[in-house]
Structure formats: structure tokens, C-alpha cells
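To find a chain, count down the sequence lines: A is the first, B the second, and so on, and within it residues start at 1.
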Amino acid sequence: MSMGENATSEEQAFVDVAGDFAAIPVPQSQKRSPLNLFFVYAGVVAVVAAIFAGGVLGRIHSFQDMVLAVFLGSIILAVIGALTGYIGGVTGCSTYVNTRYAFGRIGSWVVGLALITLTTGIGWFAFETWLFGVIVNQIVPGNVFFSIGVASIWGGLLMTTTAMIGYKGLSWLSYLAVPGWFLLAVVGIWAAVDQSGGFGSLLTTQPADPKPLVVGITATVGTYIAGAIITADVARFAKKPADGSISWTVQVLTLFPLLVIGGGILVLLTGSDNIAVAMAAAGMGVGVFFLAILGQWTTNDNNVYSGALAVSNVVKWKKAYITLGLGIIGTAYAAYIGFTSYGSFVPFYNFIVTLGSILPAMAGVYIADFYVVQPFLNGRLDPKTRYDFRPGTKLPELNVAGILALVAGASVGGMINELALPVLPGAIWALVVSILSYLILILACRAIHIPYTTGVHVQAPTGL
Amino acid sequence: MTLENVKSRIVTILGLTLLVSLVITALGVASGDGRTQVFFSMVGVPMLLGALVGLARVRMAGSETALGTAGIQHHWITMSFAIAFLSLLPASFFTASAAVKGVAGVAAVILLLVPAWGLFDTRRATGVSLSV
């Protein structure tokens with residue numbers, strides 16, 4: 001696909017074989033406004049599952065502690081997402097292309113496919129699709145079309161369509177759905193609380209199972225950490241390098257806490273986080289349908305979109321077909337769980353949550369590479385010169401230091417998560433340990449003159 | 001098609017949005033139902049403020065692109081609010097009279113259809129993408 005008549009001579013050197021600039025920098029003529037990025041990010045968090053996640057906090061914290069935990073957790077997410085988003089804003093490339101420096105070309109394949117396509121593109125997509133089936137079935141029980149399995153099929157395919165169109169599809173849907181969705185969510189929470197006696201006792205109600213504040217911070221960070229490390233997938237469309245970081249930060253410090261605290265208030269005051277059932281009981285049948293459909297749709301199209309981007313970093317196939325393939329796999333799995341009464345999502349859910357706790361190790365390595373190694377060890381102080389993906393540029397096939405630091409960070413993060421220690425979230429440990437390990441390994445290898453990269457790959461015009 | 005003509009049409013739509021938002025807020029206040037008052041204000045006030053911001057952006061827009069961007073973004077947001085408002089309006093949770101709900105429903109349909117037309121009109125006139 002050509003880069004268009006408005007492309008600069010530098011942009012004309014690229015060929016977009018996958019479509020949607022999946023493996024090459026986004027040309028300036030295709031960049032979007034900060035408000036566009038804000039709504040696409042907000043579309044990810046606009047989901048009923050975010051309210052359910054807030055429900056966890058309502059069981060363990062008073063209202064005051066819950067607000068503090070969500071506020072601190074949101075700040076951590078804002079910092080991580082802003083750092084990774086800025087890299088995308090500078091290079092115009094997706095997370096998986098950006099990681100070619102930190103992990104090497106083949107390393108970026110493995111990391112992208114194993115950590116993003118598997119967790120976000122298939123795992124979370126399937127889970128959210130199944131959850132959509134469950135919610136729809138609760139609203140309209142006893143109807144085949146709205147049974148969990150059948151609703152998962154039509155819901156999953158619906159969610160795949162906008163992701164197949166590409167970033168344009170995500171934008172249209174987010175513009176149309178997100179502002180109204182937040183109105184629906186706020187009214188839904190209000191209706192549920194109102195029917196259970198109102199907000200009067202909010203400040204005095206105590207949680208059922210009190211836990212230290214750090215547990216709430218951990219839960220808050222864990223809810224959205226996968227989104228925070230792949231912000232470059234959206235920020236690559238930013239007109240100015242910092243636009244993506246600003247849009248991410250604003251939505252994660254405003255809309256995200258609104259939903260999580262709303263879910264917490266629901267549980268604290270009503271004992272249940274089932275906003276869909278509460279809204280249906282308040283006679284909001286059409287509203288709750290929109291809440292379920294639009295919310296799951298704006299989130300899940302982003303999930304499968306990022307999963308497909310990671311695959312586009314490996315093969316030359318059209319990204320729309322990759323998206324369709326991943327969407328069908330995720331939908332089939334969700335429908336299978338929905339149809340088989342013996343099936344359960346719990347083991348798979350636990351698996352992707354565990355992967356979520358080690359995912360930040362990936363972000364840690366490439367944050368360390370972009371913000372420390374490239375400027376201070378390789379002398380590339382100007383952010384625009386740090387990562388170069390133009391045709392003819394030579395990149396390592398494998399960055400062994402990056403892979404080892406990833407393994408170190410992921411192991412520590414996974415271990416902390418497994419032991420459920422009341423310290424900072426496993427995700428944060430994974431991030432910090434991977435950053436430190438990477439820097440120590442690079443410095444040590446340079447000091448004793450041992451190469452830490454192997455092989456050389458010359459970038460093609462296709463970006464592959 | 002001159003820039004002034006495009007600007008005039010976008011201002012007309014935003015002005016209509018402002019007017020309808022005022023009607024929705026006023027209907028809520030007049031409904032006599034506490035829940036309806038809060039709900040209609042949750043819709044009317046942000047849309048009213050949004051329309052004012054939109055009018056200011058259009059007034060300051062110095063190019064077709066800036067004009068198109070402001071118009072398209074505000075039309076999308078207005079439509080989104082209108083869909084949510086329409087879907088919640090019939091809920092038995094809000095015990096306003098059928099007359100209040102009926103008038104509000106007509107207002108919501110106007111807020112859905114007029115910006116929908118404006119979206120494509122602005123796209124055609126300015127060449128700005130719908131996913132700007």
C-alpha cells in the first residue's frame with residue numbers, strides 16, 4: 001500500500017504491506033488529535049469489568065482508604081503509561097516494533113507473541129467476550145439468542161469488526177460510544193446505590209474483609225497494567241510526541257478512578273457489584289444493553305487490535321486478516337466456555353492474570369533502553385535519534401541482555417504475585433527489577449567487553 | 001463552498017445543541033421528580049458547556065482543518081450523549097410524567113439526527129477525517 005500523496009520523501013521510503021501502519025512509522029498526515037487519543041484510551045477502560053474490579057476494593061477498604069488506594073495506584077499507572085506512550089509518540093511505531101532495540105528483532109517477536117498476542121489479543125478478548133455473554137444472559141434470561149454461548153459468538157464477531165478496520169474503526173467507535181457510556185455507568189451506579197438505601201452511610205460503612213492499603217494499590221495497578229505498557233499502540237498516532245502521554249495521563253487520573261471507585265461504592269453499600277442486574281431492576285433495560293454492548297466493544301476491539309499488531313511485527317500478512325483470525329479464536333473459546341456447562345474460565349483467568357503480573361518486565365526493559373541506555377550510554381540525547389526504523393538501518397537479531405533482564409523481572413514479579421506478599425504489586429517489582437537488571441547487564445558487558453547482542457538484521461521498506 | 005458558509009452551518013448546529021440542552025435542563029427542573037432533575041442536569045449541563053466550548057473553538061478556528069476538527073469532534077460527542085439519554089429515558093427509575101419524557105425524547109432525537117447530518121456535512125465541506 002502506498003503512503004499517500006501527502007507523504008514526505010522519508011515516509012515514501014516505506015511500504016505498508018500489513019495496512020494500518022502496523023510495522024512502519026505512522027506518517028504525519030495520518031496523525032490524530034489529542035482528544036482522539038484520549039477517547040481511544042478511554043474506550044479501553046470503559047468496560048463493565050472495570051466496575052467489577054472496583055468491587056474488589058469495596059470488600060477490603062473503607063471509602064476513604066479506597067479513594068487513597070485508587071489515587072496512588074492510578075498515579076503509578078499514569079507514570080508507566082506516559083513513559084511507554086512517549087516512545088510511541090517519538091517513533092510513530094507500535095510497542096512491538098519499538099522493542100526491537102531492547103530485545104532484538106527475533107526477541108521482539110517472542111515477547112510480542114507470548115506476552116501480548118496470547119494475553120491481550122486472545123486471552124482478555126475471550127474473557128471479555130464471555131463476560132459480555134454472561135451480562136446479556138442476566139438481562140434477558142431464557143432466550144437462546146441471549147444465552148451465554150450464542151451472545152458470545154455475535155458479540156465477539158461484532159467486537160472484531162471495528163478492530164479489522166484499523167485505528168479509524170477504533171476512533172469512530174470511541175467517539176460515538178465513550179462519552180455516553182460514562183453517563184450510563186454513572187447513572188447505573190447511582191440507581192444501584194439508590195435502590196439499596198442511598199449514599200447516606202457511605203462515610204461510615206466498614207468493609208466486609210479489611211486489608212492493608214497496599215493490597216488495594218496492588219489491585220488497582222493490576223487492573224490496568226496491561227494497558228499501561230502498550231500505550232504506544234495508540235500514542236504512535238500522536239501529532240506531537242507528548243500528546244499520547246498527556247491523553248493517557250488525563251484519562252487514567254480521571255475516568256479510570258471514577259469507574260473503579262464507583263464499583264467499590266457499589267459493593268460497600270449494596271454488597272453486590274452487579275451493576276447490570278441493578279440497572280435492569282431499575283427498569284433501564286435498553287440502557288443496560290448499551291452499557292454492556294458498547295463497553296465490551298470499545299475495550300475488546302482494542303484488545304484484539306494490539307494482539308494483531310504484535311503478529312504484524314512477525315509476518316507480512318494483512319493486519320485485518322490477522323485481526324479476524326484472532327477474533328475468531330477468542331470468540332470460539334468464549335463460546336465454548338459459554339456452551340459447556342462444565343467449562344470454567346477460572347483457570348484461564350488466573351493464567352492471564354499471572355501473565356499480567358510479569359508483563360511489566362517487558363516495559364521495564366524498553367523503558368530502560370530508551371530513557372537510559374540510548375541517551376547516556378550510546379550518546380543519542382535527542383529522543384528522535386534513539387530508535388531508527390528506516391530501511392537499511394541495522395538492528396540486532398537478539399539482545400541477550402534484554403531477554404535476561406526480562407526473565408529476571410518476570411521471575412521476581414511472578415514470585416511476589418504467587419506469594420501474595422503485602423508489599424508493592426508484583427507488577428511494580430517486575431518493572432523495577434527488569435530496569436535494574438538490564439542496566440547492570442549492559443554496564444557489566446561493556447566493562448568486560450562482552451557483546452550482548454547477536455546477529456544483524458537490515459530493515460526492509462516493509463518495516464520487517 | 002466558502003469557509004464562512006461551513007462555519008455558519010457548524011455554528012447553527014452547535015447553537016441548536018445549546019438550545020436543546022437548555023430545554024432538557026429546564027424540563028428536568030420542571031419535572032418535579034428529584035431523580036429526573038439530577039439525570040436531566042447530568043445530560044443538559046455538560047452538553048450546554050460542550051456547545052459553548054465548541055462555539056468558542058469554531059470562532060477561533062483559522063483554517064478549514066481546525067474548523068472541521070472542532071465540528072466533527074463536537075458532533076460525535078453530542079450524538080454519544082443523545083444515544084445514552086434516549087436509552088435511559090424510558091426507565092421506570094425516573095418517575096417524571098409521560099409528557100416530560102416525551103418532550104425530552106423529541107429533544108434527544110434532534111440531538112442525534114442533526115449532529116449526524118452535521119458530521120457528514122462537515123466532512124464533505126472541510127475534508128477532515130471522521131476519525132480526526
Side-chain angles (χ1 to χ4, degrees), chain A residues 6 20 29-40 42-43 46 162 165-188 190-195 198 237 239 278-295 298, chain B residues 24 33-47 49-50 53-54 57 61 65-66 68-96 101 105 108 111-112 115-116 119-120 122-123 127-132:
Chain A
N6 295 328
D20 205 29
S29 62
Q30 297 296 318
K31 302 264 180 167
R32 314 286 160 162
S33 65
L35 191 68
N36 176 297
L37 306 179
F38 173 82
F39 276 126
V40 174
T162 42
I165 295 169
Y167 189 82
K168 269 186 188 174
L170 304 187
S171 299
W172 293 334
L173 184 66
S174 296
Y175 267 132
L176 185 64
V178 168
W181 190 89
F182 277 91
L183 176 69
L184 289 168
V186 170
V187 171
W190 168 35
V193 173
D194 194 76
Q195 288 193 318
F237 282 92
K239 279 183 179 158
M279 283 180 78
M284 299 178 183
V286 185
V288 72
F289 250 118
F290 275 113
L291 187 85
I293 292 175
L294 296 179
T298 56
Chain B
I24 288 173
D33 171 41
R35 289 172 175 174
T36 306
Q37 284 168 352
V38 174
F39 173 49
F40 280 30
S41 302
M42 283 168 70
V43 177
V45 175
M47 286 185 53
L49 295 175
V53 171
R57 285 180 72 189
T65 308
T69 302
I72 284 175
Q73 287 175 338
H74 282 271
H75 295 335
W76 272 126
I77 295 168
T78 305
M79 284 171 66
S80 182
F81 265 90
I83 290 170
F85 186 52
L86 263 178
S87 71
L88 289 173
L89 206 50
S92 53
F93 183 70
F94 306 110
T95 50
K101 286 190 175 186
L111 286 182
L112 188 62
L119 209 55
F120 292 99
T122 309
R123 162 93 180 93
V128 171
S129 161
L130 290 180
S131 61
V132 63

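Taking each heavy atom of A:Tyr175 and B:Val132 in turn, the nearest pair found is OH-O, 2.6 Å. The minimum heavy-atom distance linking A:Phe290 with B:Ser87 is given by the pair CD1-CB, 3.4 Å. Heavy atoms only, all atoms of each residue included: A:Gly283 and B:Ser92 are closest at CA-OG, 3.6 Å. In this structure, B:Ser80 and A:Gly180 approach most closely via the heavy-atom pair OG-N, 2.7 Å. Nearest heavy atom pair, residue B:Phe85 against residue A:Leu183, reads N-CD2, 4.4 Å.
Within a 6.0 Å radius of NZ in B:Lys101, more than 12 heavy atoms belonging to other residues, nucleotides or ligands are found.
Within the 4.5 angstrom heavy-atom criterion, only side-chain atoms of A:Phe39, from C-beta onward, approach chain B. Using a 4.5 Å cut-off between heavy atoms, A:Ala177 contacts chain B through its backbone alone, with no side-chain atom that close. Only the side chain of B:Ser129 comes within contact range of chain A, with heavy atoms under 4.5 Å apart. Proximity to chain B (any heavy atom under 4.5 Å) is restricted, for A:Val178, to the backbone atoms N, CA, C and O.
When each of A:Val186, A:Val288, A:Leu291, A:Val286 is scored by its heavy-atom pairs under 4.5 Å with chain B, the top score falls to A:Val286. Here B:Ser131 is the residue among B:Pro90, B:Ser131, B:Pro46 with the most heavy-atom pairs under 4.5 Å with chain A.
For the pair B:Arg35/A:Trp190, a side-chain contact is recorded, criterion being any heavy-atom separation below 4.5 Å from C-beta on. For the pair A:Leu176/B:Ile83, a side-chain contact is recorded, criterion being any heavy-atom separation below 4.5 Å from C-beta on. With a 4.5 Å cut-off on side-chain heavy atoms, A:Asn36 and B:Trp76 do not count as touching.
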